Amino acid sequence: MLKQHLQFKLSQKLSPQQIQLMKLIQLPTQAFEQRLKQELEENPALESGKAESDTMDDPYEDSYDDSADNETISAEDINIDDYLSDDEVPDYRTQTSNYSPDDDEKSIPYAAGISFNQYLINQLNTVYLDDEEWAIAEFLVGSVDESGYIRRPIADIMDDLAFTQNIYVEKEKIESVLKVVQELDPPGVGARSLDECLIIQLKRKEQKPAVELAITILEKSFDQFTKKHYSKLIQKHHISEDELKEAITEIERLNPKPGGSYSGNTRMIEHIVPDFSIKIVDGELELSLNGRNAPELHVSKEYSNMLQGYKNAKEKSKSQKDTVLFIKQKLDAAKWFIDAIKQRQQTLFVTMSAIMNYQKEYFMTGDERKLRPMILKDIADEIDMDVSTVSRVANSKYVDTPYGTKLIKDYFSEAMKNEQGEDVSTKEIKKILETVIKDEQKRKPLTDDKLAKILKERGYPIARRTVAKYREQLGIPVARLRKEI
């Protein structure tokens, strides 16, 4: 039996323009510049730089109508005069009063250089190897990861050489060529484990007693060394505490990730360009938006001339009508993009201004303990915007402050109650935890239980597991690994 009933469903759909605006808001300064460049290349009706016209009349006062995309428009439906009246968007529509001094700096600095693997191959060219050895060495270099290690077992490499290179050799041959690879720079490259990496580096150093002892410790007592069982090391190797200290100092000077030290790594190093700047001027906070986010844009004069020509034509051919439709589409896209950039500027500035005022005490002092608990909803409610919009600003933007350049999302944190029942930022607790660990006696580091007890004594009743979580988030190892002699 069939049943028929009505069902009402309320749904909200974002228009393509709204989606594009959200994407524009999310872009940091450098990516925004690339997006702007792309739009200028794809839309000939949009031009950068100051417009020729100095008129203050704005032909695009009305907002962009999203519904236009869903309508079929003929050339006769277009009011050409709407597009011909001073089509240049005046400067005041696309400029803000918060330019930073770098508004003309358009270059994006990147680290240049060849790939890490190519750097190793270039060194192999200076080593004498027969054809088979060269093929093995090249394959080994190709197996080096970005940290400088070869993680795959020799047996697997032997199989791969046979299947992919048609090279059938024994393990001993591969290990022999591997030693050649491990002689390349940077020292330690081609190692299969951390201890091998450190030993390779030590063997390249001047062989003095402390270096020789360091090699012995890594070769024979690596597990005890990593667990910092210093008393066992002293007893096993019949050495004094001072001798052990000197050997450990030599090890600590080594690079556990030799590949990471190569500046020409395949990962391009992008310099951060702050999206905002906060300064203290006459005892007050001053916020500015990076000038790169406020480009000068206007609609092409040439396109309006084309429309004028169509309007004046006595006879209008089909090709001319098609051209008018194309021009109308490009002009609408240019108008929308200019308006979207204005909305982006306003959204960025309003959001960051709210964050700055919310955390005013911190920005005035630089003391992270002054950071108030702050979640995305706090700012969203303050500026009457959606939480997702605030998230797009916070997750991808940097702000230059008197205390360094910081990712905005780092200023957000959850709240916890202290013994007085007041809300305190988890960042404040982490800062105190970091300070306590820094001041501890390194011969006898504080366990998580003791840290929890100290925090409780200071008015922060936190469980041991929470202390462990915060410690790990700070990148601080457990007490046993913080021990020093």
Side-chain angles (χ1 to χ4, degrees), residues 12-27 30-96 106 292-347:
Q12 184 179 16
K13 262 183 101 174
L14 290 176
S15 69
Q17 285 77 22
Q18 288 173 311
I19 294 172
Q20 287 297 318
L21 177 59
M22 290 299 100
K23 289 181 178 179
L24 280 176
I25 290 173
Q26 187 166 345
L27 294 176
Q30 292 184 8
F32 170 71
E33 286 183 315
Q34 292 298 312
R35 175 68 180 85
L36 177 63
K37 181 181 177 183
Q38 178 188 351
E39 190 70 20
L40 287 167
E41 289 174 351
E42 294 178 354
N43 189 351
L46 183 68
E47 293 182 350
S48 62
K50 288 188 176 181
E52 294 177 6
S53 174
D54 292 323
T55 179
M56 296 300 287
D57 295 330
D58 187 357
Y60 305 128
E61 191 63 42
D62 295 332
S63 61
Y64 188 89
D65 184 6
D66 294 341
S67 63
D69 290 343
N70 300 320
E71 299 175 1
T72 302
I73 302 173
S74 67
E76 284 74 16
D77 295 330
I78 302 173
N79 185 351
I80 294 176
D81 289 331
D82 289 344
Y83 293 88
L84 291 178
S85 57
D86 294 332
D87 47 74
E88 313 290 356
V89 175
D91 292 344
Y92 76 91
R93 288 299 305 272
T94 56
Q95 289 184 353
T96 60
K106 298 296 181 186
R292 299 187 189 187
N293 293 285
E296 294 176 340
L297 297 174
H298 62 274
V299 177
S300 170
K301 184 73 174 175
E302 183 180 347
Y303 263 53
S304 64
N305 290 340
M306 291 168 67
L307 280 181
Q308 183 68 59
Y310 174 82
K311 181 183 179 184
N312 295 336
K314 293 181 180 179
E315 295 184 5
K316 298 176 173 61
S317 65
K318 184 180 184 302
S319 63
Q320 285 178 314
K321 291 179 180 179
D322 291 341
T323 301
V324 168
L325 289 174
F326 173 80
I327 292 172
K328 191 263 181 190
Q329 179 188 17
K330 293 300 180 183
L331 286 173
D332 282 345
K335 285 161 45 181
W336 173 83
F337 192 75
I338 290 171
D339 189 55
I341 286 181
K342 183 180 72 172
Q343 290 184 55
R344 177 182 182 272
Q345 290 170 222
Q346 183 180 8
T347 301

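These numbers come from the heavy atoms of this one structure, side chains and all, not from hydrogens, waters or symmetry mates. If you read the sequence from its start, that first residue is 1, and numbering goes on from there. Everything quoted here is computed from the prediction, not taken from an experiment.
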Minimum heavy-atom separation for [X] and [Y], please, with both atom names.
| X | Y | result |
| --- | --- | --- |
| Ala45 | Ala334 | O-CB, 4.0 Å |
| Leu27 | Ala31 | CD2-CB, 3.9 Å |
| Gln343 | Leu21 | OE1-CD2, 3.3 Å |
| Asn43 | Ala333 | ND2-CB, 3.6 Å |
| Gln345 | Pro295 | OE1-CD, 4.4 Å |

- Query: Under the 3.5 angstrom rule, does the side chain of Arg35 hit a backbone N or O of Lys23 as a donor-acceptor pair?
  - Reply: no
- Do Glu33 and Lys37 sit within salt-bridge range, that is, some charged N less than 4.0 Å from a carboxylate O?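 Salt bridge between Glu33 and Lys37, a charged N being under 4.0 Å from a carboxylate O: no.
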- Message: Checking Phe337 against Leu46 for the side chain to side chain contact (heavy atoms under 4.5 Å, CB included) test, could you report, in this order, the C-alpha distance in whole Å, the side-chain angles of both residues, the deciding distance, and whether it holds?
- Response: CA-CA 9 Å; Phe337 192 75; Leu46 183 68; 3.6 Å; yes
- Query: Are there more than 12 heavy atoms of other residues, nucleotides or ligands under 6.0 Å from atom CD of Gln346?
  - Reply: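 No.
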- Side chain proximity check, Leu297 to Leu36, heavy atoms < 4.5 angstrom: yes
- Quick one: pull up CZ in Arg344 and CD in Gln26 and give me the separation to the nearest 0.5 Å.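 Separation between the atoms: 10.5 Å.
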- Here the gap from Ile338 atom CD1 to Glu39 atom CD, rounded to the nearest 0.5 Å, amounts to 10.0 Å
